[in-house]
Each structure stands twice: as C-alpha cells, then as structure tokens.
Amino acid sequence: MCSALVAIPQIGAAWRRVFSAERNRSASAGGSSDAGGSTRASDASSFTCDRDIPPSPPSQVSAYLSGFRRSPSPEVREDGGAVDVVDDVWRSLHKSSEASMPRAWLLFRAISQLDRRENVSWSVQAFKCMSFSDEALFQSVLLMDRFYERQPPQFEVNAHDSQSKLLASVSLALKAGRRDDVEAPLRDLLTHLGNNQVPFDDVIRAELVMLRALKYLTGTPTALDFLDAFSARLSELVPSLANYLLHMTLFDANLHYQYPHAILAAAAMALALFAIGAPDVAYDILLEDLSVCMPMEEPALKLVPCCVELHALWVQSAARPAVFPQDDVLREKFAHERYHRVSGIPPPVLPPLLLAERPPQRPPTLRPLGERQPQAQEVRRRA
C-alpha cells in the first residue's frame, strides 16, 4: 500500500483529537466570558477555525487531498472530503497544542527529572510489550506532565500514589485513543501493567484526581500528531526516523516543551530528511506544510535552532550506549522492521543550518493515486 494511504487515516485520528479537545475546552468554559467580555459558546458549532486569519489560497496539502476524491475506494474518497477544511484544522491543531503545552520549569517543581525519566522509560517499555500505539504513548506522557505541572511546589507523593497516577495517565490515554489499543477489558490491562500490586479502584481514584486537575480536558494534540500530519506526502522511512527522534525528546522535557510541537515535529522531520540525503523538494514540502499550521509566524526561523538541539541530543544518544537505560529501550524498539530499523542510522556530522535561507524550489508534482511521488523514490534510493 502506498505511503499516503497509510498516513491519511492517521491524520484523521489527529483531527478527531483536536475537535474533541476543542469541544471539551468549550464545554469546560461553561459559556463564561473572556477578557474582552464576549461569551464563548459551548457547542461544537462555535469551533470555526481561525477566524482571525485572512483567507488564503488552498495549500498544497489541500490540493493533494483533492486527488483522493477520484479514488475508486469509498474510504479514500471519504478522506478526500477533508480538502475544504484541512488548512483550518492544521491551524487549530497548532493553537490547541499551544494552549495546553506544559512548562518544564513548573513541571519539575512537583516531580524530579530522574523520577519523570523513569516514568517515561517504563511507559515506553510497557507500551511496546502491550503493542499499544505510539499515539497513546505520547498522549499518556503529555497527560502526566500536564498534571504534575499543575501541582504545588514540593508536591509530595508516595510510591503507591505515583504508580497509581502513572497507570491513570495510561488509562486516560487509552480511552482517548484508538479502539484497537484496548483489545481486553481495561481493568485487566491496568491490573496486568500494575503487576497486580496496584488495585484498579486506586487507579480510577487517581484518574478522577487527574481529570479534576486538568479540568477534564484530555486528548490534546501531541508532537506525534503533527508528525503524522507532516508525513502525508513523504515516504514511510522518513517519518519512522523522525518518530525515533521525537521519542528521544520524551525523556528531555526541557527540549520537548521548549518549542511549539509543530516546530519540534518539523525539526525531527527535517533532521531525518537531512540524515538520509533527501532531495530539496522534500524540504519544500515540509516547510509548506509547516506554514499551513503557523501562517502568521515565521516557522523556518524557529526550525533551525530546534534542529540544532535535536541533533545534539541524537549525537549524545549515539555516543553513550548502555549509559542511560532509555537509549537501549529506544534502540531496541526502533530496530524493528515495523520502524524500518531506523535506530541503526547514524546521526549526520552537522545539523541542517540553511532551512530558513533556502530559495523555493519548483512546486512538488502531485502523484496520481496508487503511485509513489518521485521524491519518495529518491529518498528510498539514497537511504
């Protein structure tokens, strides 16, 4: 199956999470007035994406999706129905992500970096063993970080409560994620993950505590949602390597939350493209898609410093085998054929430094359905 037909349902899942989060945020507002005195409607009809942004011509993403309307497959034609809203949805993905982004310095007032790193390491291993999706993993970590960010300084929690909160974040992520992640009763899954030492009732109580702290707002966009969106027009190898790099940032909250998640995902994609020697047209596709998410800003200027920091993290991880447990955990996970064994790809000597100064190349040629784009073939040949 071609890469695009694999990526589009993933984008659809990301869109559903955005719309769900926006509806939850509107409902939690309860129709209260904002700073300007206006009242926010609490129904889904109030979610009209980015009214403050002037109308612009349809993006290349929109043009790309329009080709799906001619597919003989009803499922693919249904994905093509997003052509009129894709640009607005991507902008709302960015706005919703920024509104719920934790701040690392507040997060570390309530939990130490070592404890958080151990929690993330356990989550990566547990999700891998249970074959849960990466989307649920990123959502679980984000929920946990958002909760601890809202706790007072020197927030004291014993080991049992910490385990209950960790399992509660897993439970909430599974409930907000894919149906095929939960193939057994949730009680049995959580009891198994807790090694039969954390009662299910304690997990549910911890879940309620977290929901109240988060004002019942779950399912907010993660960095992986943006990576799924940016992957639609590129080959499978590039998103797999970018996903590996994003997983590394999960262990470093300062980097993971330093930049907007749209920038972080795009930087991971740009560094992956650079590592495998992708042609220039691939960068044009990425920058054009990024500008759809952030039309009123200059995302390319933020992309380079994020690439530099992400490259440094990759180099450090490659140079310190067996020093930190998470390095081995990630290398083992991404050595699987499912991820194209990308953990064996070495980091480039230098990061890409000229993304913001590159002149625009020719517009990418949109391929007919069922055929790979020329740039995707070139990426695979060079890899």
Side-chain angles (χ1 to χ4, degrees), residues 6 10 13 17 111 114-145 147-148 159-204 206-207 210 218-219 222-225 227-228 236 239-253 256 317 320-345:
V6 174
Q10 295 176 346
R17 282 193 289 276
I111 184 173
L114 178 60
D115 288 343
R116 181 188 177 277
R117 189 177 294 118
E118 290 178 350
N119 286 344
V120 174
S121 182
W122 177 89
S123 297
V124 172
Q125 295 180 69
F127 277 58
K128 175 179 177 292
C129 292
M130 300 297 293
S131 298
F132 294 153
S133 66
D134 289 342
E135 290 86 352
L137 170 63
F138 275 73
Q139 186 61 233
S140 176
V141 173
L142 180 60
L143 284 166
M144 183 173 57
D145 289 342
F147 168 74
Y148 280 112
H160 181 79
D161 287 342
S162 177
Q163 293 172 356
S164 299
K165 299 292 193 305
L166 180 57
L167 290 174
S169 68
V170 174
S171 174
L172 290 170
L174 292 177
K175 291 176 181 178
R178 299 180 180 180
R179 291 185 178 180
D180 54 4
D181 274 338
V182 186
E183 298 180 350
L186 191 59
R187 176 187 291 269
D188 296 343
L189 288 175
L190 296 175
T191 301
H192 175 71
L193 287 174
N195 200 23
N196 296 311
Q197 295 181 358
V198 182
F200 180 73
D201 290 345
D202 290 356
V203 176
I204 296 303
E207 185 176 314
M210 294 184 68
T218 63
T222 68
L224 191 64
D225 290 332
L227 185 63
D228 289 342
E236 300 97 326
S240 292
L241 180 54
N243 189 8
Y244 178 42
L245 300 176
L246 274 189
H247 271 68
M248 291 183 189
T249 68
L250 284 177
F251 293 91
D252 186 350
H256 193 72
S317 176
R320 62 184 187 195
V323 175
F324 293 95
Q326 69 264 19
D327 295 331
D328 286 338
V329 169
L330 291 183
R331 272 192 283 268
E332 179 183 355
K333 175 177 179 176
F334 284 88
H336 195 274
E337 184 177 359
R338 171 190 173 191
Y339 295 101
H340 306 280
R341 301 184 175 91
V342 294
S343 59
I345 298 178

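It should be emphasised that the depicted structure is a prediction, and the values quoted were computed from it without experimental measurement.
The shortest non-hydrogen separation linking Phe251 to Val120 is CE2-CG1, 3.7 Å. Nearest approach of Trp122 to Leu166, heavy atoms of both residues: CE3-CD2, 3.4 Å. Across all their heavy atoms, Leu190 and Leu167 have their closest contact at CD2-O, 3.8 Å. Considering all non-hydrogen atoms of both residues, Val342 and Leu241 come closest at CG1-N, 3.8 Å.
Side-chain rings of His247 and Phe138 approach one another, their centers coming within less than 6.0 Å.
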Show the numbers, then the answer: is there a side chain to side chain contact (heavy atoms under 4.5 Å, CB included) between Leu186 and Ser171?
CA-CA 8 Å; Leu186 191 59; Ser171 174; 3.5 Å; yes
Side chain to side chain contact (heavy atoms under 4.5 Å, CB included), that's the test. Do Leu250 and Leu137 meet it? Break it down for me.
CA-CA 10 Å; Leu250 284 177; Leu137 170 63; 4.3 Å; yes
Stepwise side chain to side chain contact (heavy atoms under 4.5 Å, CB included) check, His160 with Gln197
CA-CA 9 Å; His160 181 79; Gln197 295 181 358; over 6 Å; no
Ser123/Ser140 under side chain to side chain donor-acceptor pair (under 3.5 Å): CA gap, chis, key distance, verdict
CA-CA 8 Å; Ser123 297; Ser140 176; 4.8 Å; no
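Residues Leu189 and His192 have side chains not in contact (no heavy-atom distance under 4.5 Å, counting atoms from C-beta outward). Residues Val329 and Lys128 form no side-chain contact, since every pair of their non-hydrogen atoms from C-beta on lies 4.5 Å or further apart. In this structure, the side chains of Lys165 and Ser169 stay at 4.5 Å or more apart for every pair of heavy atoms. Within the 4.5 Å cutoff, the side chain of Glu135 has heavy atoms near those of the Asp228 side chain.
The residues Arg178 and Asp134 are annotated as not salt-bridged, no charged nitrogen and carboxylate oxygen being separated by less than 4.0 angstrom. We find that Arg116 and Asp145 are joined by a salt bridge, their nearest charged nitrogen and carboxylate oxygen being less than 4.0 Å apart.
Within the 3.5 Å criterion, the main-chain N or O of Ala136 finds a donor-acceptor partner in the side chain of Ser133. Under a 3.5 Å cut-off, the side chain of Asp181 and the backbone N or O of Phe132 do not form any donor-acceptor pair. Proximity of a side-chain donor or acceptor of Ser343 to a complementary backbone N or O of Ala335 within less than 3.5 Å is detected. No donor-acceptor pair under 3.5 Å is formed between the side chain of Ser121 and the backbone N or O of Arg117.
Summarising the geometry, atom OG belonging to Ser240 is positioned 9.0 Å from atom CZ belonging to Arg338; distances are rounded to the nearest 0.5 Å. Atom OG of residue Ser317 and atom CG of residue Asp328 lie 9.0 Å apart, to the nearest 0.5 angstrom. Between atom CG of residue Leu246 and atom CG of residue Leu330 there is a gap of 11.0 Å, rounded to the nearest 0.5 Å. Note: Leu193 CG to Met130 CE = 5.0 Å, rounded to the nearest 0.5 Å. Between atom OH of residue Tyr148 and atom CD1 of residue Ile111 there is a gap of 4.5 Å, rounded to the nearest 0.5 Å. The structure places CD of Glu207 at 8.5 Å from CE of Met210, a figure rounded to the nearest 0.5 Å.
With 3.5 Å as the limit, one finds no donor-acceptor pair spanning the side chains of Thr222 and Gln139. Counted by atom type alone, Asp202 and Ser164 present zero donor-acceptor pairs between their side chains at under 3.5 Å.
Within a 6.0 Å radius of NE2 in His336, other residues, nucleotides and ligands contribute 12 heavy atoms or fewer.
Using bins of under 30°, 30° to 60° and over 60° for the plane-to-plane angle, the ring pair Phe334/Tyr244 lands in the tilted bin.
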